Amino acid sequence: MRIAELANIFLLVALASGSEQQAALVQTLNVFDNRKTPDFVQRGELQLFTDGTAQYHSIGIQQPPQLSLANELAEQKIDPTLYTVIVQPQNSNNDSADFVLSIRRCRLNTDAKRLEETFVVHQKDNGDVFHIDYDAGKSENCARKEGKNQQPSSDPTVLSRVLVSQQKQGPVPKLAAAANIDVSTGKEVQPEPQKSFLAKYWYYLIPIVFLLLLGGEEPQQEGNNRR
């Protein structure tokens with residue numbers, strides 16, 4: 001009995017280690033923001049895994065890299081009243097792939113020790129990210145009257161949550177037949193009602209019936225002549 005229990009424990013450990021090995025890192029997105037400085041400074045990464053999960057990883061360095069804004073992004077006027085987060089795919093030279101996420105800066109005004117934020121990463125079937133939603137703080141915090149820059153009254157710890165939403169194929173309509181549209185009126189032409197067999201081929205049946213009736217009388221006349 002003791003050996004069986006140990007075998008079960010080793011089996012569970014093997015399954016757990018196997019599941020951990022399957023969840024490999026497939027994509028990393030760098031996260032920049034302008035919360036503390038006018039420039040966009042990297043503060044963390046969004047890490048996407050093969051099992052459809054994701055997590056936020058803080059880089060935690062004293063001199064984080066700054067984002068060199070591309071020409072297209074530099075032409076956009078960043079509103080100073082907005083807190084802007086820029087998510088950039090790692091190892092990508094395509095500036096158009098950057099995701100610019102903005103919320104009202106006053107939502108960050110809080111005296112609480114914790115500030116919650118949520119990233120929702122939308123992926124296609126092949127794993128490509130095509131959209132990201134972002135939310136942080138609370139709308140009630142905008143009722144606070146801070147300074148002109150609307151800086152938060154404290155430096156709370158940011159708790160980041162990352163959700164992954166897979167793109168799903170919508171329902172496909174099944175049409176029995178294509179609609180017949182009248183070009184002149186633009187309205188659908190109603191199909192003609194189905195006719196019965198007699199209604200369709202009555203003009204073929206009448207001559208056949210007439211011939212059958214005439215063919216049945218001739219043998220009777222020949223029999224009378226023989227008598």
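This chain uses plain numbering: 1 for the first residue, then up along the sequence. Nothing here was measured: the structure is a model prediction, and the numbers come from that model.
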- [ ] Is it possible for you to say whether Val87 and Val41 belong to one hydrophobic cluster, with membership spreading through side-chain heavy-atom contacts below 4.5 Å?
- [x] no

Open item on the list: Under 4.5 Å between side-chain heavy atoms, counting indirect links through other Ile/Leu/Val/Met/Phe/Trp/Tyr residues: same cluster for Val158 and Leu82 or not?
Closed with: no

What donor-acceptor contacts under 3.5 angstrom involve side-chain atoms of residues 196-206, with partners at least two apart or in another chain?
{"residue": "Ser196", "atom": "OG", "partner": "Ala199", "partner atom": "N", "Å": "3.4"}
{"residue": "Tyr203", "atom": "OH", "partner": "Lys200", "partner atom": "O", "Å": "3.4"}

- [ ] Can you measure from OG (Ser165) to NE2 (His131) and round to the nearest 0.5 angstrom?
- [x] 10.0 Å

Task: With Glu117, the salt bridge (Lys or Arg N to Asp or Glu O under 4.0 Å) member among Lys138, Arg161, Arg43, Arg35 - done: Arg43

TODO: Drop me the distance from Glu45's CD to Leu29's CG, to the nearest 0.5 angstrom.
DONE: 9.0 Å

- [ ] Give the C-alpha distance, both sets of side-chain angles, the deciding distance and a yes or no for side chain to side chain donor-acceptor pair (under 3.5 Å) between Asn34 and Tyr83.
- [x] CA-CA 7 Å; Asn34 62 346; Tyr83 169 62; over 6 Å; no

- [ ] Work out which heavy atom in Arg114 is nearest to a heavy atom in Leu159; give both atom names and the distance.
- [x] CD-CD1, 3.5 Å

Task: Minimum-distance pair of heavy atoms, taken over all atoms of Val129 and Phe99 - done: O-CZ, 3.7 Å

Open item on the list: Once rounded to the nearest 0.5 Å, what's the spacing between atom CD of Gln27 and atom CZ of Phe49?
Closed with: 12.0 Å

TODO: Could you point out which residue of Gln90, Gln55, His57 forms a side chain to side chain donor-acceptor pair (under 3.5 Å) with Gln47?
DONE: Gln55

Task: All ring pair (Phe, Tyr, Trp, His ring centres under 6.0 Å) counterparts of Phe119, not counting sequence neighbours - done: Tyr134

Task: Where Ala112 and Pro156 come nearest, the two heavy atoms and their spacing - done: O-CB, 3.4 Å

Open item on the list: Determine whether a donor-acceptor pair (N or O, by modelled atom type, separation under 3.5 Å) exists between the side chain of Thr50 and the backbone of Ala24.
Closed with: yes

Task: Residue pair Ile86, Thr84: steps toward the side-chain contact (heavy atoms from CB on, under 4.5 Å) verdict - done: CA-CA 7 Å; Ile86 298 178; Thr84 303; 4.3 Å; yes

Task: Hydrophobic cluster identity match, Leu48 and Leu163, side-chain contacts under 4.5 Å - done: no

Task: Point-to-point distance, once rounded to the nearest 0.5 Å, from CG of Leu115 to CG of Asn141 - done: 8.0 Å

- [ ] First locate atom CG of Leu101, then atom CG of Asp33, and finally report the distance between them rounded to the nearest 0.5 Å.
- [x] 11.0 Å

Task: Interatomic distance, Glu140 atom CD to Asn109 atom CG [nearest 0.5 angstrom] - done: 12.5 Å

Task: salt_bridge(Glu116, Arg107) N-O dist < 4.0 Å - done: no

- [ ] Using the side chain to side chain donor-acceptor pair (under 3.5 Å) rule, take Asn30 and Gln42 through it: C-alpha gap first, then chi angles, then the decisive distance, then the call.
- [x] CA-CA 7 Å; Asn30 296 330; Gln42 183 178 0; 3.3 Å; yes

Task: Val164 to Gly52 - nearest heavy-atom pair and separation - done: CB-O, 3.4 Å

- [ ] State, with a plain yes or no, whether a side-chain heavy atom of Val121 is found less than 4.5 Å away from one of Val162.
- [x] yes

Open item on the list: Under 4.5 Å between side-chain heavy atoms, counting indirect links through other Ile/Leu/Val/Met/Phe/Trp/Tyr residues: same cluster for Val120 and Ile132 or not?
Closed with: no

Open item on the list: Between Val172 and Gln169, is there a side-chain heavy-atom distance shorter than 4.5 Å?
Closed with: yes

- [ ] Write down the atom of Gln167, the atom of Phe130, and the distance for their closest heavy-atom approach.
- [x] CB-CE2, 4.1 Å

Task: Nearest heavy atoms of Ile59 and Pro64, plus distance in Å - done: CD1-CB, 3.7 Å

